[in-house]
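Everything quoted here is computed from the prediction, not taken from an experiment. Sequence positions, counted from 1, serve as the residue numbers for this chain.
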Amino acid sequence: MTRHADIRTSPKLSGISYSLRGPLAAQAERMRAAGKDVLALNLGDPAAYGLPTDPEVVRAVRDNLDRACGYSAAQGLPAAREAVARHYRAKGLGTVRPRDVYLGNGVSELAALSLHALLGPGDEILVPAPDYPMWTASAVLAGGSPVHYRCDEASAWFPDPADIARRTTDRTRALLVINPNNPTGAVWPPEILDALAEVARRHGLVLLADEIYADFLYDGTPHTPLATRAPDVPCLTFGGLSKRGRIPGYRVGWLALTGCPARDNALTSALDTLVSLRLCPSVPAQHAVEAALRADDTTALTAPGGELRRRRDHLCRLLDDLPGVRTVKPHGAFYAFPGIDRGRYRLGDDASLADELLCEVGLLVVPGSGLGPVPSGHLRVVTLPPTEILTEAVTRLTRFLDRRTRASAGCG
Ligand code: PLP
């Protein structure tokens, strides 16, 4: 009989972690179960913070449940793909047709499939640092090697195209852009996107554009889809309804392929094989797509006076008032990525900082070190909760830092 201790797991998993739902989140769960008060600001789930979807979207799913029992086409329902193609054509991606669109159980599934399609052993993919860690982990699981390029806090968390070009080798296959960015909230402007597209063009790379936050923009900041700046470069643009539709639990995402003029190419046939292996995405959830793309209700949340805009402003104001804490104002998405002056507060690395914040004041945030190689002292905090929760979170952070100040004064 096989005993637990005899089960060997795949070496592919060594070094793989997902800081957003890792040991710290598990510890928070245990603390909650033990009756402790924990404030969780670690997950980018709009529904969890009382930002519900349009009822029409839920109705579209409910009304189609009887018709959603069988498998759909592997690429997804034609009507849903048509809605995504229309959405991107309206954004300037003129060539997108339903056949260029693949639906999936969230961007997460399609990211993994795409990386399996693109990367062989030792192949490299350029990934922003900090990044949304699903990408780094999925690249490793696909057998590739993520190579992180630096986004600089001093330059509003924009990347330096020259740094990216320097890290490009003859093993590099793809360049990932997350824009608007998780965790920094930076929205990269067209000049930067042009320079990145040029790196891809020069080195024959495939562009991957994770634009799941494209609808969450503040202060009049425009979003430029990367594919519009590189119509001649193969580009996979990722989006979905976890953020825009505020239905992450339904698991709906898509990718749109541009820059590959003929349908008959190696990339599409790899994607076709991989999506057919998973049979199809959840069919009930696909019925949300048309309705959610019709409902253009995120602007009302992010415009002046909108609920998300108020929450972001509130959190940034509170963080700016904390001595020794600096935050580049996020112009997109729904995260802030403050840096704390470790010397001033005599803090350890940010993993222990996040751990101590949870244990000492019941505040769950994501340490910057869980988001790739970033200068120490950063934390990712969601801007989604109502203002009173954000106030309580910063009150706890303040209490924690005050204690550190007193302790270091006591030590002389
Ligand atoms: N990409 C980014 C940048 C994200 O922040 C997230 C989730 O937070 C995802 C992808 C995952 O999206 P999905 O729920 O569609 O799998």
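Comment: Arg326 does not engage Asp341 in a salt bridge, judged by the lack of any side-chain N to carboxylate O separation of less than 4.0 angstrom. Under a 4.0 Å N-O distance rule, the pair Asp313/Arg309 qualifies as a salt bridge. In this structure, Asp320 does not pair ionically with Lys329, as no charged nitrogen and carboxylate oxygen lie closer than 4.0 Å. A salt bridge links Glu360 to Arg404: one of the charged nitrogens lies within less than 4.0 Å of a carboxylate oxygen. Glu109 and Arg278 are joined by a salt bridge, as a carboxylate oxygen and a charged side-chain nitrogen come within less than 4.0 angstrom of each other.
With hydrogens and angles disregarded, no donor-acceptor distance shorter than 3.5 Å links the side chain of Asp350 to the backbone of Leu353. Remark: side-chain polar atoms of Thr228 are not paired, donor with acceptor, to backbone N or O of Thr224 under 3.5 angstrom. Formation of a donor-acceptor pair under 3.5 Å by the Thr221 side chain with backbone atoms of Leu217 is not found in this model. Counting only distance, with no hydrogens or angles, the side chain of Asn179 and the backbone of Trp188 share a donor-acceptor pair below 3.5 Å. The backbone N or O of Ala285 sits nowhere less than 3.5 Å from a side-chain atom of Arg251 that would complete a donor-acceptor pair. With Thr53 contributing its side chain and Gly245 its backbone, the two residues share a donor-acceptor pair below 3.5 Å. Remark: side-chain polar atoms of Gln75 are paired, donor with acceptor, to backbone N or O of Arg99 under 3.5 angstrom. Put simply, the side chain of Asp219 never gets that close to the backbone of His331: no donor and acceptor are under 3.5 Å apart. In this structure, the side chain of Arg81 engages the main chain of Gly76 through a donor-acceptor pair within 3.5 Å. Looking only at distances, no side-chain donor or acceptor of Arg173 sits under 3.5 Å from a matching main-chain atom of Leu119.
Taking 4.5 Å as the limit, every side-chain heavy atom of Pro225 sits out of range of all side-chain heavy atoms of Thr237. Using a 4.5 Å heavy-atom threshold, the side chains of Ile164 and Leu196 count as touching. By the 4.5 Å heavy-atom criterion applied to side chains, Val381 and Pro338 are counted as neighbours. Contact of the Asp63 side chain with the Leu65 side chain is not registered, since no non-hydrogen atoms from C-beta on lie closer than 4.5 Å. For the pair Cys316 and Leu319, the minimum side-chain heavy-atom distance is 4.5 Å or more. Counting heavy atoms from C-beta on, the side chains of His223 and Pro180 come closer than 4.5 Å. You'll find the side chain of His87 reaches within 4.5 Å of the side chain of Arg244, heavy atoms only. Arg246 is listed as a side-chain neighbour of Asp297, based on a closest heavy-atom distance under 4.5 Å.
The stretch residues 26-42 participates, sequence neighbours left out, in these salt bridge (charged side-chain N to carboxylate O under 4.0 Å, His left out) pairs: Glu29-Arg32, Asp37-Arg396.
Thr136 and His148 are linked by a side-chain donor-acceptor pair at a separation below 3.5 angstrom, with hydrogens and angles left out of the test. Side-chain contact, Asp355 with Ser352: no donor N or O sits under 3.5 Å from an acceptor N or O. Defined by atom type and a distance below 3.5 Å, a donor-acceptor pair is missing between the side-chain atoms of Arg380 and Asn42. Between the side chains of Thr172 and His203, no donor N or O sits under 3.5 Å from an acceptor N or O.
Considering all non-hydrogen atoms of both residues, Ala60 and His287 come closest at CB-O, 3.5 Å. The shortest heavy-atom contact between Val382 and Leu43 is CG1-O, 3.4 Å. Taking all atoms of both residues into account, the shortest heavy-atom contact from Tyr49 to Pro386 is O-CD, 4.3 Å. Here the shortest heavy-atom pairing between Leu379 and Leu357 reads CD1-CD1, 3.7 Å. Closest approach of Gln286 to Ala80, counting heavy atoms only: O-CB, 3.8 Å. Contact between Val107 and Gly240 at its shortest, heavy atoms only, is CG2-N, 4.5 Å.
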**Message:** Please determine whether side chain to side chain contact (heavy atoms under 4.5 Å, CB included) holds for the pair Leu103 and Leu110, giving the CA-CA distance in whole Å, both sets of side-chain angles, and the decisive distance to 0.1 Å.
**Reply:** CA-CA 8 Å; Leu103 291 186; Leu110 293 166; 5.9 Å; no
**Request:** Could you walk me through whether Asp194 and Glu198 pass the side chain to side chain contact (heavy atoms under 4.5 Å, CB included) test, one step at a time?
**Result:** CA-CA 6 Å; Asp194 286 346; Glu198 188 48 32; over 6 Å; no
**Item:** Test log, rule side chain to side chain donor-acceptor pair (under 3.5 Å), inputs Asn181 and Thr184
**Value:** CA-CA 6 Å; Asn181 188 265; Thr184 63; 2.9 Å; yes
**Request:** Please lay out, stage by stage, how Val361 and Leu397 fare under the test side chain to side chain contact (heavy atoms under 4.5 Å, CB included).
**Result:** CA-CA 8 Å; Val361 294; Leu397 176 61; over 6 Å; no
**Item:** ring-ring contact (aromatic ring centres under 6.0 Å, His included) assessment of Tyr213 paired with Tyr335
**Value:** CA-CA 11 Å; Tyr213 296 103; Tyr335 308 94; 5.6 Å; yes
**Request:** List the steps, then state whether side chain to side chain contact (heavy atoms under 4.5 Å, CB included) holds for Tyr88 with Val101.
**Result:** CA-CA 10 Å; Tyr88 280 128; Val101 174; 5.6 Å; no
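To the nearest 0.5 Å, atoms OG1 (Thr387) and CG (Leu315) are separated by 11.0 Å. One finds the CG atom of Asp54 at 8.5 Å from the CZ atom of Arg59 (value rounded to the nearest 0.5 Å). The structure places CG of Asp210 at 5.5 Å from CH2 of Trp135, a figure rounded to the nearest 0.5 Å. Atom-to-atom distance recorded for Asn105:CG and Cys280:SG is 8.0 Å, nearest 0.5 angstrom. Taking CG from Leu176 and CG from Leu126, the interatomic distance works out to 9.0 Å, rounded to the nearest 0.5 Å. The distance from atom CG of Asp349 to atom OG of Ser369, rounded to the nearest 0.5 Å, is 6.5 Å.
Checked against the 6.0 Å centroid threshold, Phe337 and His378 count as a close aromatic pair. Between Tyr102 and Phe238, a ring centre-to-centre spacing not shorter than 6.0 Å is recorded. Checked against the 6.0 Å centroid threshold, Tyr345 and Phe400 do not count as a close aromatic pair.
Under a cutoff of 6.0 Å and an axis angle of 45°, Arg312 and Tyr218 form a cation-pi pair.
Remark: Asp163 pairs with Tyr149, Arg150, Asp160, Arg166, Arg167 by the side-chain contact (heavy atoms from CB on, under 4.5 Å) rule, at least two apart or across chains. Under the rule for a side-chain contact (heavy atoms from CB on, under 4.5 Å), the partners of Val140 that lie at least two apart in sequence or sit in another chain are Ile16, Pro146.
Each of Thr298, Asp215, Leu51, Ile212 was evaluated against Lys243; a single residue qualifies, Ile212, per the side-chain contact (heavy atoms from CB on, under 4.5 Å) test.
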